[in-house]
Amino acid sequence: MALKATVFKAELHIADLDRHYYHNHSLTIARHPSETDERMMVRLLAFALNADDALSFGKGLSTDDEPALWQKDLTGAVDLWIDVGQPDEKDIRRACNRAAQVIVYGYGGRTVDVWWQQNHNALERLTNLTVINLPATQPLAKLAQRTMRLQCTIQDGAIWLADDNNRIEINPTILKSSVSP
């Protein structure tokens, strides 16, 4: 018998001073049985960094042809494709062909540096790709609860994610920025 996803509920309050975006989101997140709390929280963080009413979670680890998050227009065309972790270069190229903009949020400490060294030459020519390293994401797992009330503040590129008991600061590094049209 296959294991089922665990459902998490998050009340996410976002104050993004960089984008002038201030909004509350009630989110339902399905965590695949093989997904860690850290990865799920990185997906939630990626949502906060790109929050929009049209942004939604993909089916996740159980579906190869869907990202962690995506935003589609009214015709069904993919405006934004967001993946987390260290996806295969071929999958990133395929995403860049399907979406107007692709963002990869790498996490995992030193392994992101190794992954980027191995893939940056092939990925540099993808003009609609942004790659961001999220260092020190392990503490995010402490925030994972079946029901969460989180505050996310983004200012000058720095991110603070907090609940009633914990406050975590993350300072992302942009490894590659997409070319503006």
Side-chain angles (χ1 to χ4, degrees), residues 5 12 14 16 18-19 21 25 27 29-138 140-141 144 152 154 157-159 161 170-181:
L12 181 62
I14 302 170
D16 187 337
D18 295 346
R19 291 192 307 146
Y21 182 90
H25 292 271
L27 304 170
I29 307 162
R31 191 186 76 200
H32 190 272
S34 66
E35 184 176 33
T36 64
D37 284 343
E38 179 184 7
R39 185 179 189 283
M40 179 190 69
M41 295 305 292
V42 168
R43 286 192 300 133
L44 183 70
L45 183 62
F47 181 93
L49 292 170
N50 300 277
D52 186 280
D53 288 336
L55 187 64
S56 63
F57 290 97
K59 292 182 182 172
L61 295 173
S62 62
T63 307
D64 290 337
D65 63 342
E66 282 194 18
L69 298 131
W70 55 4
Q71 183 173 325
K72 296 180 180 181
D73 68 14
L74 296 176
T75 68
V78 181
D79 288 331
L80 178 60
W81 180 291
I82 300 172
D83 220 334
V84 299
Q86 299 157 30
D88 185 77
E89 177 255 333
K90 291 176 190 172
D91 293 335
I92 296 172
R93 261 190 290 123
R94 190 174 14 245
C96 286
N97 289 329
R98 287 185 63 190
Q101 182 182 8
V102 175
I103 302 173
V104 174
Y105 289 100
Y107 73 96
R110 175 84 178 102
T111 60
V112 174
D113 297 330
V114 173
W115 171 82
W116 182 242
Q117 272 187 325
Q118 294 171 345
N119 292 287
H120 82 277
N121 287 335
L123 299 177
E124 279 298 330
R125 59 192 146 107
L126 300 172
T127 59
N128 61 336
L129 174 66
T130 298
V131 180
I132 299 172
N133 182 11
L134 298 173
T137 57
Q138 301 88 350
L140 291 175
C152 182
I154 303 160
I159 307 159
L161 193 62
I170 296 176
N171 291 291
T173 304
I174 297 173
L175 302 176
K176 181 191 179 319
S177 184
S178 64
V179 176
S180 299

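The basis for the numbers below is simple: all heavy atoms, side chains too, and nothing from hydrogens, waters or symmetry mates. Counting from 1, the numbers follow the sequence of the chain as shown. The structure presented is a predicted model; accordingly, all values stated were derived computationally and were not measured.
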What distance separates [X] [atom1] from [Y] [atom2], expressed to the nearest 0.5 Å?
X      : Y      : atom1 : atom2 : result
Asp83  : Asp88  : CG    : CG    : 11.0 Å
Leu80  : Asp52  : CG    : CG    : 9.0 Å
Glu35  : Met41  : CD    : CE    : 11.0 Å
Leu126 : Ser178 : CG    : OG    : 11.0 Å
Leu161 : Leu45  : CG    : CG    : 6.0 Å

Q: Kindly assign one of parallel, tilted or perpendicular to the pair His120 and Trp116, based on the angle between their ring planes and the thresholds 30° and 60°.
A: tilted
Q) So Phe57 and Phe47, would you call those rings parallel, tilted or perpendicular, with 30° and 60° as cut-offs? A) parallel
Is it true that a side-chain atom of [X] and a backbone atom of [Y] form a donor plus acceptor pair closer than 3.5 Å?
X     : Y      : result
His25 : Leu27  : no
Asp18 : Gly157 : yes
Arg19 : Ala51  : yes

Residue pair [X] / [Y]: nearest heavy atoms and the distance that separates them:
X      : Y      : result
Ile154 : Ala48  : CD1-O, 3.9 Å
Ala46  : Leu69  : CB-CD1, 3.6 Å
Met40  : Ala144 : CE-CB, 3.9 Å
Ile159 : Cys152 : CG2-SG, 4.0 Å
Ala30  : Arg43  : O-NH2, 2.9 Å
Pro172 : Ile132 : CB-CG2, 3.6 Å

Evaluate the side-chain proximity of [Y] to [X]: yes if any heavy-atom separation is below 4.5 Å, no if none is.
X      : Y      : value
Leu123 : Val104 : no
Leu129 : Lys176 : yes
Pro87  : Trp115 : yes
Leu49  : Ile103 : no

Q) How far apart are the C-alpha atoms of Leu134 and Leu140, what are their side-chain angles, what is the distance that settles it, and do they pass the side-chain contact (heavy atoms from CB on, under 4.5 Å) test? A) CA-CA 11 Å; Leu134 298 173; Leu140 291 175; over 6 Å; no
Q) For Trp70, what residues pass the ring-ring contact (aromatic ring centres under 6.0 Å, His included) criterion, not counting sequence neighbours? A) Trp81
Q: Go through the structure and list residues passing ring-ring contact (aromatic ring centres under 6.0 Å, His included) with Tyr105, not counting sequence neighbours.
A: none
Q) Going through the checks in order, is the side-chain contact (heavy atoms from CB on, under 4.5 Å) test met by Asn133 and Val131? A) CA-CA 7 Å; Asn133 182 11; Val131 180; over 6 Å; no
Which atom pairs, donor and acceptor, lie under 3.5 Å between side-chain atoms of residues 92-99 and protein residues at least two apart or in another chain?
residue : atom : partner : partner atom : Å
Arg93   : NE   : Glu89   : OE2          : 2.5
Arg93   : NH2  : Glu89   : OE1          : 3.4
Arg93   : NH2  : Glu89   : OE2          : 3.1
Arg94   : NH2  : Asp91   : OD1          : 2.5
Asn97   : ND2  : Arg93   : O            : 3.3
Arg98   : NH1  : Asp65   : O            : 2.9

Q: Decide yes or no on side-chain contact (heavy atoms from CB on, under 4.5 Å) for Gln101 and Asp79, but give the supporting numbers first.
A: CA-CA 6 Å; Gln101 182 182 8; Asp79 288 331; over 6 Å; no
Q: Tell me, with the steps shown, if Arg31 and Asp37 meet side-chain contact (heavy atoms from CB on, under 4.5 Å).
A: CA-CA 8 Å; Arg31 191 186 76 200; Asp37 284 343; 2.3 Å; yes
